[in-house]
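In this text, all values refer to a predicted model and were calculated from it rather than measured experimentally.
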Amino acid sequence: MSDRKRPLPPLPRIDEETRGFWEACARHELYVQRCRACRRFRHPPRAVCPACLSSGLEWVRVSGRGIVYSFTVTHQNQAPGF
């Protein structure tokens, strides 16, 4: 292995849509967005509910004991740090 250090992965971009999630992570809690109109949970966070187009969203603490329906594996990533 060479002495050259690998670059670190990039930090996530925190904006108004994602701030609630990252602030909860800093407290070691898991929060997910929920639409106030149709009550559906959603992740990743967005400004508008894709189900009913409501902008009335709230952050709700969840247990972390959900079901993973799908996932992806990235075999090649061109971003520095990965």
Side-chain angles (χ1 to χ4, degrees):
M1 188 166 162
S2 71
D3 292 337
R4 190 180 88 182
K5 292 184 178 182
R6 289 177 35 160
L8 295 174
L11 295 174
R13 191 183 97 236
I14 299 173
D15 57 23
E16 288 309 309
E17 290 180 1
T18 63
R19 184 173 313 282
F21 174 79
W22 293 114
E23 287 175 352
C25 287
R27 297 187 307 267
H28 302 277
E29 298 173 340
L30 180 59
Y31 275 64
V32 178
Q33 263 186 350
R34 181 171 63 188
C35 177
R36 287 186 178 122
C38 70
R39 311 300 288 171
R40 290 189 183 188
F41 287 95
R42 55 172 291 94
H43 191 79
R46 295 287 182 259
V48 176
C49 175
C52 71
L53 303 179
S54 171
S55 60
L57 304 167
E58 62 186 348
W59 289 100
V60 179
R61 187 175 182 181
V62 293
S63 69
R65 288 184 243 135
I67 298 171
V68 176
Y69 286 98
S70 69
F71 65 94
T72 62
V73 176
T74 303
H75 293 282
Q76 289 186 321
N77 191 322
Q78 303 304 317
F82 290 104

Enquirer: Not counting sequence neighbours, list each pair that qualifies as a salt bridge (charged side-chain N to carboxylate O under 4.0 Å, His left out) and has a residue in residues 54-66.
Expert: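 Sorted result for residues 54-66: Glu29-Arg61, Arg34-Glu58, Arg36-Glu58, Arg39-Glu58.
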Enquirer: Sequence neighbours left out, what passes side chain to side chain contact (heavy atoms under 4.5 Å, CB included) with Cys38? Give chain and number order.
Expert: Cys35, Arg40, Cys49, Ala51, Cys52
Enquirer: Show your reasoning for whether side chain to side chain contact (heavy atoms under 4.5 Å, CB included) applies to Phe21 and Leu30.
Expert: CA-CA 7 Å; Phe21 174 79; Leu30 180 59; 3.9 Å; yes
Enquirer: Sequence neighbours left out, what pairs pass side-chain hydrogen bond (donor to acceptor under 3.5 Å, both in side chains) with at least one residue falling in residues 41-57?
Expert: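 Listed once each, the pairs are Gln33-Arg42.
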Enquirer: Using a 4.5 Å cut-off between side-chain heavy atoms of Ile, Leu, Val, Met, Phe, Trp and Tyr, which other residues end up in the same hydrophobic cluster as Val48?
Expert: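 Members alongside Val48: Leu53.
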Enquirer: Considering only residues two or more places apart or on different chains, which pairs with a residue in residues 69-78 satisfy salt bridge (charged side-chain N to carboxylate O under 4.0 Å, His left out)?
Expert: none
Enquirer: Is Arg27 atom CZ crowded by more than 12 heavy atoms from other residues, nucleotides or ligands, each under 6.0 Å away?
Expert: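 Yes, enclosed.
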Enquirer: Under a 4.5 Å side-chain heavy-atom rule over Ile, Leu, Val, Met, Phe, Trp and Tyr, are Val32 and Trp22 clustered together?
Expert: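 Yes; Trp22 is reachable from Val32 via cluster members.
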Enquirer: Which residue pairs pass the ring pair (Phe, Tyr, Trp, His ring centres under 6.0 Å) test when at least one of the two sits in residues 58-78, sequence neighbours left out?
Expert: none
Enquirer: Indicate the atoms forming the closest heavy-atom contact of Thr18 with Pro45, along with that distance.
Expert: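 Distance-wise, the nearest heavy atoms are CG2-CG, 3.8 Å.
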